Amino acid sequence: MEIPKTYEPIKAEEKWYSYWMNKGYFHSEPDEREAYTVVIPPPNVTGVLHMGHMLNNTIQDVLVRRARMLGKNACWVPGTDHASIATEAKVVQKLRTEGIKKSDLSREEFLKHAFVWKDKHGGIILEQLKKLGCSCDWERTGFTMDPEYSESVIDVFMDLYKKGKIYRSVRMVNWDPEALTAVSDEEVNHKEVNSKLFYVRYKVAGSDDQWLTIATTRPETILGDSAICINPNDARFKHLHGKQAIVPIANRTIPIILDEYVDMEFGTGCLKVTPAHDVNDYELGKKFDLETIDILNDNGTLNANGLHYEGKDRFEVRKAIEKELYDKGYLVKTEDHINKVGFSERTDAVIEPKLSLQWFVSMKELAQPALDAVMNGDIQFHPDKFKNTYRHWMENVKDWCISRQLWWGHRIPAWYFGTGANDYVVAKTVEEAIVLVKEKAGLTVSASDLKQDEDVLDTWFSSWLWPISMFNGLTRPGNEEIKYYYPTNDLVTAPEIMFFWVARMIIAGYEYLGEIPFKNVYYTGIVRDKLGRKMSKSLGNSPDPIELIEKYGADGVRVGILISSPAGNDLPFDTSQCEQGRNFTNKVWNAFRLIDAWEVRDIEQPKSSAKAIEWFEAKFNKTLTEINDQFDKFRISEALMSIYKLVWDDFCSWYLEMIKPGYEQPIDSKTLETTKVFFEKLLKLMQPFTPFIAEEIWHLIRERAEGDDIILAPWPVVDSVNETVLANFKFAEEVIINIRNIRKNNNIANKVKMDLFVKKNNEIDLSFDSVISKMGNLTQLEYVKEKVANSNSFIVDSNEYYIPFGDTIDLVAEKAKMQEELNYTKGFLQSIQKKLQNEKFMAGAPEQVVLSERKKESDALNKIAILEEKLAEMV
RNA sequence: GGGAAAUUAGCUCAGUUGGUUCAGAGCACCUGCCUUACAAGCAGGGGGUCACAGGUUCGAAUCCUGUAUUUCCCA
């Protein structure tokens with residue numbers, strides 16, 4: 001059968017992925033083996049695969065596949081997140097295109113639409129992961145709104161409520177007027193924008209023409225003012241103490257209060273206080289018991305408190321009120337001003353601070369063990385620089401607002417039986433609620449008297465249970481699976497969600513299982529384009545991962561994405577990296593073609609082949625040690641690079657060339673067999689990174705028994721490393737490179753055989769001579785006592801090598817080269833001798849360093865002598 | 001404004017407790033090769049005042065101080 005000259009990934013990928021699936025290799029059940037567990041960071045259920053997912057999931061697959069080869073019971077749990085804000089936004093948008101408004105639907109109707117959408121689009125991303133080769137246990141695929149998962153979310157809410165960790169409170173929250181929901185501090189992006197500072201004057205009450213001037217960036221909130229605040233130490237305003245002021249346009253009289261909070265330097269030193277629309281003002285309002293006047297509707301338009309501006313958007317009002325203030329003589333001046341404005345991460349709408357009744361988790365106590373676990377190393381971060389960021393946040397953790405004004409998600413299990421702030425109970429079902437109402441208020445109510453809270457829980461309030469609830473650790477405490485798989489081993493995620501997700505999983509782990517949820521956290525970077533911009537849909541700078549896979553093969557893309565992606569660093573991605581990956585798979589493919597084409601004969605093994613085998617054995621073991629170490633340190637891309645070079649440079653460029661029989665010559669069976677074994681070992685190392693081609697060649701290189709698949713083959717074991725062989729080869733390598741250089745410099749074709757004469761001045765190892773002969777294409781390698789005249793020459797380790805001239809030679813160039821080498825060596829010698837003559841060096845440096853300097857000195861002296869002699873002869 | 005980290009070849013990064021004339025890899029680049037495994041290749045080669053300025057040391061990319069620039073986190 002003809003084997004194609006280039007590797008064709010598409011067919012192999014389909015074939016092997018379904019083969020692995022049919023064999024159930026990805027599936028895990030608890031057994032006696034050590035468990036190795038990874039839970040996937042659940043992508044949004046309606047999400048589409050982007051480059052960030054590619055990076056993240058390739059790393060996970062590498063770790064999982066290697067663990068499998070190390071004999072562990074590897075379990076990679078996939079699933080999706082309901083992502084309440086993002087998904088609801090998509091459903092709302094889709095309905096809008098059909099002419100349906102969310103406000104026209106009941107909650108039940110809307111959820112029906114949402115589930116239809118989820119069933120249609122949900123899980124696309126998981127199918128895409130299969131194309132990448134991800135070896136997830138698909139039988140365990142989960143979803144944060146699955147019934148049992150949801151139950152655990154509600155259980156946790158009730159449990160924390162009972163423990164007094166969940167409370168309901170009026171708080172200033174970040175309000176997204178577009179999504180109509182509160183968002184957490186972490187979901188607000190602060191950006192600097194150019195705006196205006198408006199100077200507005202307020203009349204002092206009871207005066208004829210006494211005014212005070214405030215500065216504000218948001219003049220529309222004047223309508224919500226309930227005080228003017230000045231610093232009691234501000235000498236400029238002593239006359240205002242105890243007075244009142246009149247709000248322009250609204251014509252309300254408000255007190256002038258004194259507080260040191262006011263920055264005398266900023267603006268005019270007079271601060272308008274709007275408790276409903278600014279966090280700091282809210283605090284002042286509480287302190288001075290001020291009236292709270294909310295002027296905004298939830299959608300960002302003004303309400304009745306906005307007087308004649310009612311129904312208009314806040315930005316529109318800002319312009320209009322500027323004009324009105326000016327026309328009526330209240331506007332003193334405006335200035336350009338740069339300030340930071342919060343934008344919603346999801347909708348990019350300007351966030352409004354808004355007072356509302358929300359549900360909170362108090363975090364301080366919960367966070368303590370989670371902070372300790374990372375600081376004392378029970379949980380390792382890779383790279384560990386992220387520990388600092390983590391500590392900073394955890395030490396200053398704020399309470400977590402967990403209610404969201406949405407329908408898509410887990411509905412808060414609170415039931416209201418009245419309108420009072422405290423007229424509610426928290427219960428799993430309405431029946432339980434009825435009983436609790438009786439207990440709490442002594443009221444006998446029926447189901448229809450109770451009204452469940454309209455809000456749903458923050459998505460992270462369900463995903464923080466992911467490593468526990470994917471094994472039903474809360475609904476079926478102590479079950480076999482949670483005992484076996486938990487704590488999980490490695491978590492691979494982005495540093496952006498360290499607080500949203502990682503920290504909270506650790507908190508939940510301690511609170512509910514008394515244990516860490518994972519041992520290692522590997523932080524990936526952000527995938528950027530060549531210009532350093534973050535890849536995003538709106539910029540259109542992100543390649544379609546599926547197209548990449550079709551073009552370069554999944555293995556090629558996996559290599560491309562990992563080849564330059566150290567942990568925690570951003571990955572500047574360019575498709576040329578996939579090309580490199582694709583080229584690598586092709587190289588391996590051709591190595592296989594070469595071996596496969598050899599005709600085996602029962603002949604004697606050439607000496608050079610025996611030496612080559614000895615060397616590669618040593619090289620392999622040495623590199624494997626390094627690779628294992630790199631894996632232990634989570635230096636994934638370095639491990640890949642080591643494998644890449646071991647395969648390409650050491651195996652293909654050196655080893656295969658050393659054992660390659662002449663054209664149409666057979667190979668001896670011993671060498672062929674050993675070579676196949678080497679190749680198989682290399683394929684094993686490649687398997688985590690390039691699983692498809694590894695499996696493909698694994699089955700082509702040899703007949704395999706049922707179940708003898710590389711995905712389950714044992715990871716190679718390190719054997720002792722023969723350092724002597726490695727050193728001797730290095731010497732031979734240098735000789736060979738020198739021979740090649742002479743060929744190139746003199747335009748001697750590779751097929752032209754040459755003679756090599758060696759004047760041995762030093763005791764050297766001759767064991768690789770057969771290899772030198774073969775690789776140098778020499779007719780003979782002869783040892784001589786005297787220099788060989790009319791030759792190209794070079795020196796390795798004080799030994800002189802001569803290749804007699806063919807027809808022509810550039811004597812001048814040859815001499816110049818030698819002179820240059822001599823100069824360099826002399827300079828080198830000088831620096832060494834200077835060091836050796838330095839008494840302080842001799843006194844301070846360790847013996848080993850001194851010894852190595854002495855050796856360098858004698859080597860240099862030798863070399864100089866030879867060079868000078870040769871130069872003298874060339875005249 | 002407060003905190004953290006970074007700055008080594010054109011690009012992306014290594015560089016272990018200071019010790020081979022001021023240093024490595026991959027890609028890119030240059031030169032020569034269609035040498036029957038692979039031109040998605042082979043062979044060879046060039047390229048760095050290790051951000052800047054001081055200091056400690058016999059010796060600094062590595063330790064200390066300051067400056068500049070960048071990134072991230074928090075307000």
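Per chain, numbering begins at 1; letters A, B, ... match sequence-line order. Everything numeric in this text was worked out from a predicted model, so none of it was measured.
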task: Find which nucleotide of RNA chain B each of Arg391(A) and Met641(A) is nearest to by heavy atoms, and output the residue with the more 5' nucleotide.
output: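 Result of the comparison: Arg391(A).
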- prompt: 5'-most contact on RNA chain B: Ile563(A) or Thr6(A), nearest heavy atom basis?
  reply: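 Whichever sits nearer the 5' end wins; that is Ile563(A).
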Can a side chain N or O of [X] be found less than 4.0 Å away from OP1 or OP2 on [N]?
X         : N       : value
Tyr390(A) : rA4(B)  : no
Trp648(A) : rC42(B) : yes
Lys398(A) : rA75(B) : yes

Return the value, rounded to whole Å, for the distance between atom [atom1] of [X] and atom [atom2] of [N].
X         : N       : atom1 : atom2 : answer
Glu395(A) : rC74(B) : CD    : P     : 15 Å
Lys660(A) : rU36(B) : NZ    : C1'   : 8 Å
Phe584(A) : rC38(B) : CZ    : P     : 18 Å
Asp384(A) : rU16(B) : CG    : P     : 15 Å
Arg582(A) : rG41(B) : CZ    : P     : 8 Å

task: Only pairs at least two apart or in different chains count here, so list each salt bridge (Lys or Arg N to Asp or Glu O under 4.0 Å) that has a residue in residues 629-642 of chain A.
output: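 Qualifying pairs, neighbours excluded: Asp629(A)-Lys633(A), Arg635(A)-Glu638(A).
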Determine the interatomic distance between [atom1] on [N] and the same-named atom on [M]; round to the nearest Å.
N       : M       : atom1 : answer
rG55(B) : rA61(B) : P     : 15 Å
rA39(B) : rG32(B) : C1'   : 14 Å
rA60(B) : rC52(B) : C1'   : 16 Å
rU12(B) : rU7(B)  : P     : 12 Å
rU8(B)  : rA14(B) : C1'   : 10 Å

field: Side-chain-base donor-acceptor pair under 3.5 Å for Gln580(A) and rA28(B)
entry: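 Answer is no: no donor-acceptor pair is held.
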query: So Phe729(A) and Phe768(A), ring pair (Phe, Tyr, Trp, His ring centres under 6.0 Å) or not? Walk me through it.
result: CA-CA 7 Å; Phe729(A) 175 78; Phe768(A) 274 94; 5.7 Å; yes
field: Within residues 624-633 of chain A: residues closer than 4.0 Å to RNA chain B (heavy atoms)
entry: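 None, since no heavy atom is under 4.0 Å.
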State, yes or no, whether a side-chain contact exists between [X] and [Y] at a heavy-atom distance under 4.5 Å.
X         : Y         : answer
Thr58(A)  : Phe689(A) : no
Tyr7(A)   : Asp555(A) : yes
Val771(A) : Ile736(A) : yes

- request: Give none if rU17(B) has no partner; otherwise give the nucleotide forming a Watson-Crick or G-U wobble pair with it, both distances under 3.5 Å.
  value: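 rU17(B) is unpaired by these criteria.
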task: Please give the nucleotide sitting opposite rA4(B) as a Watson-Crick or G-U wobble pair, both distances under 3.5 Å, or none.
output: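 Paired with rU71(B).
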message: Using 30° and 60° as the class boundaries, would you call the ring planes of Phe679(A) and Phe651(A) parallel, tilted or perpendicular?
response: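 Plane angle between 30° and 60°, so tilted.
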Of the listed nucleotides rG2(B), rA37(B), rU31(B), the one nearest the side chain of Leu594(A):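 Of all the options, the side chain of Leu594(A) is nearest to rA37(B).
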- request: Using salt bridge (Lys or Arg N to Asp or Glu O under 4.0 Å) as the criterion, list what pairs up with Glu664(A), not counting sequence neighbours.
  value: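 Here no residue qualifies.
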